[in-house]
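Data block below; observations after.
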Amino acid sequence: MSVEYVKTDENLPPVAVVERPRWTPVKIVIWVAIALIAAIGWVMVAFVRGENLSATWFVAAAVGSYLIAFRFYAKFIEWKVCRPDPSRATPAELKDNGRDFTPTDRRVLFGHHFAAISGAGPLVGPILAAQMGYLPGTLWIIFGVILAGGVQDYMVLYFSMRRNGRSLGQMARDELGKVGGFIASLGILLIMTILIAVLGVVIINALAESPWGVFSIAMTIPIAVFMGIYMRYLRPGRVIETSVIGVALLVLAIIAGGWVHNSPVWSEFFHLDKTTLAWCLMIYGFFAAVLPVWVLLAPRDYLSTFMKIGTIVLLAVGILLVNPTVQMPAVTEFASNTAGPAFAGALFPFLFITIACGALSGFHALISSGTTPKLIEKESQARLIGYGGMLMESFVAIMALVAAVCLDKGIYFAMNAAEPLTGGTPQGAADFINNSLGMSGVQTSAEFLDQAAQDVGEESIVSRTGGAPTLAMGMAHILHNVFGGPAWMSFWYHFAVMFEALFILTTIDAGTRVARFMLGDALGNFIPKFRDPSWNVGAWITTIVMVGAWGSILLMGVTDPLGGINTLFPLFGISNQLLAAIALAVIFALVCKSGYAKYAWIPGIPLAWDLAVTMTASWQKIFSSDPKLGYWAQHFAYRDAVATGETSLGTTEGAEAMNAVVRNTFIQGTLSIIFAAVVLMVVVMALWAAFKALTAREPLPTTEEPYQPTRRFAPAGLIATKAEKEVQAQWDKLEPSAVEHREHA
């Protein structure tokens with residue numbers, strides 16, 4: 001292995017260590033073994049049929065594929081396009097203000113980034129898509145993240161870093177022109193509103209009328225604040241120590257949640273309905289978005305990451321030990337029709353928009369150009385955080401899918417069918433599944449569903465849509481066989497609900513903060529003061545506007561007569577993937593303008609696929625004559641019924657509910673048209689910018705900031721190498737005056 005020490009100041013130790021490992025026979029054997037394990041896993045998952053398929057093969061196929069992708073494909077992108085410079089200062093160092101821009105330990109930042117991108121999407125989408133069988137979702141989750149999701153997250157982070165942490169909307173304006181930038185910024189803000197609102201619907205569906213879950217989640221806020229103060233003032237730099245304390249407090253919060261659940265007084269206090277929870281969520285979103293990142297956002301995200309990665313790894317270990325049998329077939333009847341109870345629509349295109357965050361998510365581009373580039377210490381850390389963080393999220397999606405397809409099919413469909421279909425009762429769910437589901441080989445009973453609810457300490461599990469309760473049920477069924485036995489099923493269920501809700505909250509607070517940045521950037525084009533990240537008044541104004549926007553959609557979703565998640569999630573999926581199209585289009589143009597046009601296929605291939613999927617889905621949601629599928633068909637059907645004086649239609653009862661459907665479908669249908677039009681315009685402008693770059697005689701200018709040397713050191717990977725530890729020791733021995741010179745020179 002060759003080692004190069006990079007220095008930018010002769011009076012200071014090296015600022016980076018560049019290590020170039022060589023291939024050895026042992027390494028070759030290891031990578032061949034990894035490839036073989038992945039290949040065997042894929043053969044079993046994709047080709048072997050029967051009733052006894054082990055869930056273990058999903059773990060083998062996923063982990064092997066991820067390791068190969070990170071080592072080879074992500075490295076190829078780094079070599080050919082991104083080319084990080086370890087001697088270059090990042091925005092976190094150059095614009096450090098202690099609030100939004102601040103150099104952050106790569107372990108904490110990986111935690112923040114992973115927690116911020118990995119909210120409800122990798123949990124909800126795969127579980128809903130399980131109604132189509134296990135194979136389509138598995139293929140898209142793994143190959144989608146390797147070729148599309150990881151590419152987007154990594155390259156957006158890199159290009160934003162090189163532009164002082166500018167938001168995606170501002171990069172679009174800078175590179176595509178004022179018109180293209182305005183259209184992109186408007187579309188991004190509108191899409192962002194929908195994304196945060198739907199994430200809120202998911203968390204509220206999981207926590208509504210559950211004192212155990214509400215208490216546990218509420219306690220994570222003071223725990224995170226304590227961790228932030230502990231790491232900044234009490235024990236600076238003690239990341240592992242702080243994490244151990246935080247995880248211990250979280251486990252205590254879950255155990256205490258059980259005490260609250262059994263207390264007549266406290267149970268009533270924390271027994272909140274959906275509307276009350278929605279207002280609580282909006283208040284939390286405001287304060288989390290305006291407080292300095294070290295107070296709540298970063299420590300909460302880091303704590304959440306320990307919980308989520310630890311829990312998912314625990315689930316993977318449980319799968320390996322229990323070796324559960326997959327219950328769902330490889331492909332079901334719902335893959336070829338639009339009658340699925342969890343969501344309407346055939347496999348193409350709706351599987352690819354339902355499974356969004358686990359494979360490709362536009363929301364990630366907002367984090368990669370929002371908080372993360374303002375916190376990263378070194379450009380060399382971008383592959384780990386951007387591409388690696390996305391691979392980890394994809395693994396979460398695979399584990400969610402496995403947990404769902406290993407459940408009894410009756411329990412799965414009882415939990416994921418909307419309340420209008422089941423009536424919200426075990427008997428209604430049993431009648432629907434046995435008589436109206438439309439899938440062969442699925443039978444259940446009210447007694448069976450009642451017992452399943454009692455096993456996990458809930459009054460009912462019927463129509464607990466949103467994915468989180470289903471994943472919690474699947475995890476409880478697997479983990480109780482390893483830890484605790486049947487008596488622990490309720491603990492594992494509420495543990496899973498807590499950690500899911502915790503992660504969704506981190507996405508909401510990070511998303512609101514990013515939305516605040518984007519709105520500030522947009523307003524800054526007219527009132528420059530809004531671009532100042534240290535202007536508190538501007539931060540408060542933009543945060544209030546964005547919280548009000550997504551909060552109004554959230555309230556609409558939690559009171560929707562047709563079931564908020566069932567009607568909003570298709571719009572969530574489409575808008576999320578349309579946002580990915582905007583991000584990939586901007587990347588495509590930047591790659592061409594940066595002189596790497598021969599590698600434009602790296603973002604170009606996922607862009608073309610994403611456009612095919614999203615435009616087909618948008619067309620069907622806008623123009624389909626099937627009221628179950630098309631927003632406008634549903635809108636006109638209910639509007640005509642209201643006009644003739646009818647007070648019920650299908651499963652909707654009451655004049656107020658009828659009018660709510662008319663209003664909601666109008667909003668959703670209108671937004672579908674706006675989103676599709678905006679994305680098409682942005683893509684056309686990006687292609688035009690790329691064409692001009694390809695035909696220009698000289699390279700076109702970009703808005704990349706000039707090079708400035710760094711005066712900081714940080715390891716490139718999660719685990720520091722021997723050489724990096726030696727250099728870190730040199731920095732640790734510096735006198736305080738030298739450190740101050742390093743930071744402020």
Side-chain angles (χ1 to χ4, degrees), residues 115-125 127-128 189-210 213-214 216-218 220-221 272-290 296-297 300-301 304 356-357 361-363 366-367 418 464-469 471 497-516 543-560 562-576 579 660 664 667-668 671:
I117 66 172
S118 184
L123 306 175
V124 180
I127 286 171
L128 296 179
L189 286 171
L190 289 173
I191 291 172
M192 190 72 170
T193 301
I194 294 294
L195 299 185
I196 299 176
V198 175
L199 295 176
V201 172
V202 173
I203 190 174
I204 287 172
N205 281 351
L207 295 179
E209 302 177 358
S210 175
V214 171
S216 299
I217 285 300
T220 65
I221 298 174
L272 304 181
D273 60 29
K274 292 183 178 181
T275 303
T276 303
L277 281 171
W279 283 105
C280 292
L281 200 57
M282 285 185 272
I283 294 171
Y284 166 79
F286 171 79
F287 284 103
V290 298
L296 180 60
L297 189 70
R300 183 192 184 91
D301 290 351
S304 302
C357 297
S361 170
F363 177 81
L366 305 182
I367 304 299
R464 297 297 297 272
T465 57
L471 176 57
V497 168
M498 187 282 299
F499 107 86
E500 292 173 271
L502 177 63
F503 254 71
I504 298 169
L505 273 182
T506 60
T507 306
I508 289 174
D509 55 32
T512 304
R513 197 179 197 94
V514 170
R516 183 197 107 199
T543 303
I544 289 172
V545 170
M546 293 311 304
V547 169
W550 63 256
S552 60
I553 301 294
L554 172 62
L555 288 170
M556 182 187 80
V558 298
T559 58
D560 184 38
L562 298 179
I565 196 65
N566 300 78
T567 55
L568 278 176
F569 201 81
L571 181 61
F572 168 89
I574 292 173
S575 58
N576 194 21
L579 183 54
N664 294 353
I667 294 172
Q668 292 155 1
L671 289 175

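Put simply, the side chain of Arg513 gets close to the backbone of Ala288: a donor and an acceptor are under 3.5 Å apart. The backbone N or O of Leu195 lies less than 3.5 Å from no partner atom in the side chain of Asn576, so there is not a single donor-acceptor pair. Using a distance-only test at 3.5 Å, with no hydrogens or angles considered, no donor-acceptor pair links the side chain of Thr220 to the main chain of Ser216.
Residues Phe363 and Leu579 approach most closely at N-CD2, 3.8 Å, considering heavy atoms. When every heavy atom of Ala197 is checked against every heavy atom of Leu554, the shortest pair comes out as O-CD1, 3.5 Å. Across Gly285 and Thr512, no two heavy atoms sit closer than the pair O-CG2, 3.9 Å. Heavy-atom minimum distance, Ile667 versus Met556: CD1-SD, 3.8 Å. Nearest heavy-atom pair across Met282 and Val547 is O-CG1, 3.6 Å. The minimum heavy-atom distance between Ser552 and Ala549, with the atom names listed, is OG-O, 2.7 Å.
Taking 4.5 Å as the limit, some side-chain heavy atom of Leu555 sits within range of a side-chain heavy atom of Trp279.
To the nearest 0.5 angstrom, Ile367 atom CD1 is 8.5 Å from Ile117 atom CD1. The distance from atom CG of Leu671 to atom CG of Leu190, rounded to the nearest 0.5 Å, is 7.0 Å. The line from CD1 of Ile574 to CD1 of Ile191 is 11.0 Å long, rounded to the nearest 0.5 Å.
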Kindly indicate, with the supporting measurements, whether the criterion side chain to side chain contact (heavy atoms under 4.5 Å, CB included) is fulfilled by Leu189 and Met546.
CA-CA 9 Å; Leu189 286 171; Met546 293 311 304; 4.1 Å; yes
